[in-house]
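Read the structure below first, then the notes.
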2 protein chains.
Amino acid sequence: MAPRVADVDARREQIGRAAIEIFARDGFQGAAVGDIASLAGLSKGSIYRYFDDKEALFHAAFEAVRMRLLRDCRAAMAEQDRAWDQLAAAVTATVEAFRSYIAIVPLTLEFWAAASAGDTRQRFGTVMADMYREFRELVIALLRQGQAEGDVDADADVEAIAAWLVAGLDGLMLQHWFDPAVDPLAGASSMLSTLRKGATNASQI
Amino acid sequence: MAPRVADVDARREQIGRAAIEIFARDGFQGAAVGDIASLAGLSKGSIYRYFDDKEALFHAAFEAVRMRLLRDCRAAMAEQDRAWDQLAAAVTATVEAFRSYIAIVPLTLEFWAAASAGDTRQRFGTVMADMYREFRELVIALLRQGQAEGDVDADADVEAIAAWLVAGLDGLMLQHWFDPAVDPLAGASSMLSTLRKGATNASQI
DNA sequence: GTATAATGACTGACTGGTCATTCATTATAC
DNA sequence: GTATAATGAATGACCAGTCAGTCATTATAC
């Protein structure tokens, strides 16, 4: 109807918000493009003016969620001076992000599945690999700085630690999703304090 | 009377094996029951003689994989005396199971997704919740015994530790699946040694 | 040992339905 | 009048689950 739409980016974002909600509720395969269109206040056909196909829509939804998480982490880190405190803040911010924006969880699970099997595997698999590399590298950098600042053992295997720290956060969110009695914050705190004691000679000996 | 003396259990297992392979390759929604039937050497119609519907097939596939994992864990534990060594053996056995039977990974990811969104959520959600509770309880029991044997601090929060240990294994397997350069065994070893140092006064002080 | 009857595992064409994607048409703004 | 956004009916492909019929195998009678 409206020629020269006011703002293409705004419309894409509007559709993306609807996509997050529907994909989180119904899954990737289960979601109907028409439902996303309705929620965005458009018709099915219009979706295809802004996105090539359903997969592109899914990718955009996940990307939006990922950026939000990364932004929250960086914001929390900016408030701390020492690398160790920044790491703790990032971990806490991640858990908080999951709790305050719970749609992240089912959306992520759907994305994992899409990246691991079926036609979507190739397209989304590299996206996941890149994302985890990025998260691990963030943690590795903090741990290295922590070593320089004397909060982390010089001989700690920072790569391995980064992998299981990120892994632990994912897994805690997963268990919390299936069973709300599992407290992800308690788990993350325990993980951090154990790491603090287990990989820090300076403060113990 | 009964032609080919059909061994119902054997047939179900034969179909189950095919189901694991196809679901791991194509995902739950993406898999065609006809493909599973072909791989099992049967026709589509016959599948429904042994399973109520596609979901039942999926459930059976996951259950088989879960039992195998649990069996491997218990076997590894049986070879150790002290609770701490049993825990370490179980963790290593889990990682080894993932590596030697890699189809577990995409199948698990599919199951997570099915348990988190869409029509399948209710049916599979409780299965997941129960499974994680079972795994956590196994770890909790070992940690408690470890406390009794003096290998684990008396004031350690065993519930929180169990949650993040299980979480870490899931997450490591996930990262390894997307990026084979991530070594899950190195991650798991680091996690264990950190826990050993961080939650054990006895051996350090 | 042979012929016949009974059985039920197995098949695959079929039904009913879903849904992503396309495109001819309509509405709107300038 | 023209360019473009938006629409939604139409298309085509896919697939879970059903069921009437087939036929190899077993049981029984003699």
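Because the structure is predicted, anything quoted here is derived from the model rather than measured. Lettering of chains follows the sequences in order, A, B, ..., and the numbering in each one begins at 1.
Rounded to whole Å, the distance from OH on B:Tyr50 to P on D:dA16 is 20 Å. Regarding A:Gln29, its CD atom lies at a distance of 10 Å from the P atom of C:dA20, rounded to whole Å. Taking atom CG on A:Asp119 and atom C1' on D:dC15, their separation rounds to 14 Å, with Å as the unit. Protein atom CZ of B:Arg11 is 13 Å distant from nucleotide atom C1' of C:dG8, rounded to whole Å. Atom P of nucleotide D:dC15 and atom CD of B:Glu55 are separated by 17 Å, given to the nearest angstrom. When rounded to the nearest whole Å, the span between CD1 of A:Ile47 and P of C:dT22 equals 14 Å. Rounded to whole Å, the distance from CZ on A:Phe51 to C1' on D:dA6 is 16 Å. Protein atom CG of B:Asp26 is 14 Å distant from nucleotide atom P of D:dC14, rounded to whole Å.
In this structure, A:Arg49 does not reach the D:dT7 phosphate: none of its side-chain N or O atoms is under 4.0 Å from OP1 or OP2. Contact annotation: B:Ser46 does not reach the phosphate of C:dA9 (side-chain N/O to OP1 or OP2, under 4.0 Å). Neither OP1 nor OP2 of D:dA6 sits under 4.0 Å from any side-chain N or O of A:Tyr48.
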Practice prompt. Using a 3.5 Å limit on both pairing distances, list the dot-bracket string of DNA chain C from the 5' end; Watson-Crick and G-U wobble pairs count, crossing pairs take [ ], interstrand pairs take |.
Written response: ||||||||||||||||||||||||||||||
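The aromatic rings of B:Phe23 and B:Phe28 sit tilted relative to each other, their planes meeting at an angle between 30° and 60°. Using the six-membered ring where Trp is involved, B:Phe111 and B:Phe58 have ring planes that are tilted, between 30° and 60° apart.
Checked against D:dA6, C:dC10, C:dT21, the side chain of A:Asp53 finds its nearest nucleotide in C:dT21.
A salt bridge between B:Arg82 and B:Asp85 is absent, with no side-chain N of the basic residue lying under 4.0 Å from a carboxylate O of the acidic one. Using a cut-off of 4.0 Å between Lys/Arg side-chain N and Asp/Glu carboxylate O, A:Arg12 and A:Asp9 are scored as not salt-bridged. Of the charged side-chain nitrogens involved, none lies within less than 4.0 Å of a carboxylate oxygen, so that A:Glu137 and A:Arg133 do not count as a salt-bridged pair. Salt bridge annotation for A:Glu159-A:Arg144: present, with a cationic side-chain nitrogen under 4.0 angstrom from a carboxylate oxygen. Using a cutoff of 4.0 Å between basic side-chain nitrogens and carboxylate oxygens, B:Arg136 and A:Asp179 are scored as salt-bridged. Salt bridge present: A:Arg66 and A:Glu134 bring a charged side-chain N and a carboxylate O closer than 4.0 Å.
Taking the ring centroids of B:Trp164 and A:Trp164, they lie under the 6.0 Å cut-off.
Residues from residues 30-44 of chain A lying near DNA chain C, meaning a heavy-atom separation below 4.0 Å, are A:Ala31, A:Ala32, A:Val33, A:Lys44 in numerical order. Of all the residues in residues 56-65 of chain A, not one reaches under 4.0 Å from DNA chain D with any non-hydrogen atom.
Looking at heavy atoms from C-beta onward, A:Asp72 lies out of side-chain contact with A:Thr94 at the 4.5 angstrom threshold. Residues A:Phe62 and A:Glu110 have side chains not in contact (no heavy-atom distance under 4.5 Å, counting atoms from C-beta outward). Counting heavy atoms from C-beta on, the side chains of B:Met173 and B:Thr108 come closer than 4.5 Å.
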